[in-house]
J.: 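The structure's right below; bear with me while I get my questions together.
Nothing fancy with the numbering, it's 1 onward along the sequence.
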Amino acid sequence: MNVPPRILVVEDNTVLAEVLRLNLHRAGFEVTVASNGALALKRLQEHGFELLITDFQMPGIDGGELCQRVRRELHMQELPILMCTAKGLEIQVDQLKSELGLSRIVFKPFSMRDIVRSARELTAAQPIVAQI
């Protein structure tokens, strides 16, 4: 029996989080949603995931800090990270990808088809990142 790839979605907008969860679930993924960065760190410590999808702007631990902590504190260097941001005109994409260890950045508003396609590409042949 095939186990569906597990994705952690970190989004403080509850409507967008539910839209992401629903579309990714329909595409065959097992999806966990965290409403903030602190909760995301806890979920990452508790479960193995093949992909992290995170918003950039969130209260408390924002997406940038979350990614840094995933790499530095949780030592999850291989976990693919897809960042969603509305700051497309304000960020240096290549610099941000390099600094935060991002696999991909998508700009809001985005197509759910693009998110699902990206999720499939980034989870293809990815091992589950084990719990600490």
J.: Is there a side-chain contact between S35 and D12 in this structure, where contact means two heavy atoms from C-beta onward sitting under 4.5 Å apart?
T.: no
J.: Do Q45 and L74 have side chains that get closer than 4.5 Å, going by heavy atoms?
T.: yes
J.: Is there a path of hydrophobic side-chain contacts, each under 4.5 Å between heavy atoms, that joins I7 and L22?
T.: no
J.: Tabulate below the donor-acceptor pairs under 3.5 Å that side-chain atoms of residues 23-31 make, not counting sequence neighbours, or state none.
T.:
from: N23; atom 1: ND2; to: V19; atom 2: O; distance (Å): 2.8
from: E30; atom 1: OE2; to: R6; atom 2: NH1; distance (Å): 2.4

J.: Identify the two heavy atoms, one from G64 and one from M83, that lie closest to each other, and give their separation to 0.1 Å.
T.: N-CE, 4.0 Å
J.: Donor-acceptor pairs under 3.5 Å, side chain of residues 100-109 to any protein atom, not counting sequence neighbours: which ones?
T.:
from: S103; atom 1: OG; to: I81; atom 2: N; distance (Å): 3.2
from: R104; atom 1: NH1; to: S118; atom 2: OG; distance (Å): 3.0
from: R104; atom 1: NH1; to: E121; atom 2: OE1; distance (Å): 2.7
from: R104; atom 1: NH2; to: E121; atom 2: OE1; distance (Å): 3.1
from: K108; atom 1: NZ; to: E11; atom 2: OE1; distance (Å): 3.4
from: K108; atom 1: NZ; to: D55; atom 2: OD1; distance (Å): 3.0

J.: Does some side-chain heavy atom of N36 sit less than 4.5 Å from a side-chain heavy atom of I61?
T.: no
J.: Under a 4.5 Å cut-off applied to non-hydrogen side-chain atoms, are L8 and I53 in contact?
T.: no
J.: Holding to side-chain contact (heavy atoms from CB on, under 4.5 Å), I want the full list of residues that pass it with S111, two or more places apart in sequence or in another chain.
T.: R113, D114
J.: Less than 4.5 Å apart, side chain to side chain, heavy atoms only: is that true for V9 and T32?
T.: no
J.: In a check of side-chain contact (heavy atoms from CB on, under 4.5 Å) between L20 and each of N13, V15, I115, which one passes?
T.: I115
J.: Can you measure from CZ (F49) to CG (L44) and round to the nearest 0.5 angstrom?
T.: 6.0 Å
J.: Measure the spacing between CZ of R120 and CG of L51 and express it to the nearest 0.5 Å.
T.: 13.0 Å
J.: Could you tell me which residues satisfy salt bridge (charged side-chain N to carboxylate O under 4.0 Å, His left out) with E65, sequence neighbours excluded, listed by chain and number?
T.: R69
J.: Mind checking whether L82 and L52 have side chains closer than 4.5 Å, heavy atoms only?
T.: no
J.: Would you please name every residue forming a side chain to side chain donor-acceptor pair (under 3.5 Å) with R72, sequence neighbours left out?
T.: none
J.: Working to the nearest 0.5 angstrom, can you tell me the gap between M58 CE and L39 CG?
T.: 10.5 Å
J.: L66 and G37: which non-hydrogen atoms are nearest, and at how many Å?
T.: CD1-O, 3.8 Å
J.: Any non-hydrogen side-chain atom of E50 less than 4.5 Å from a side-chain atom of L79?
T.: no
J.: With Q95, which residues qualify under side-chain contact (heavy atoms from CB on, under 4.5 Å), at least two apart?
T.: Q92, E99
J.: Using a 4.5 Å cut-off on heavy atoms from C-beta on, say whether the side chain of F110 contacts that of C84.
T.: yes
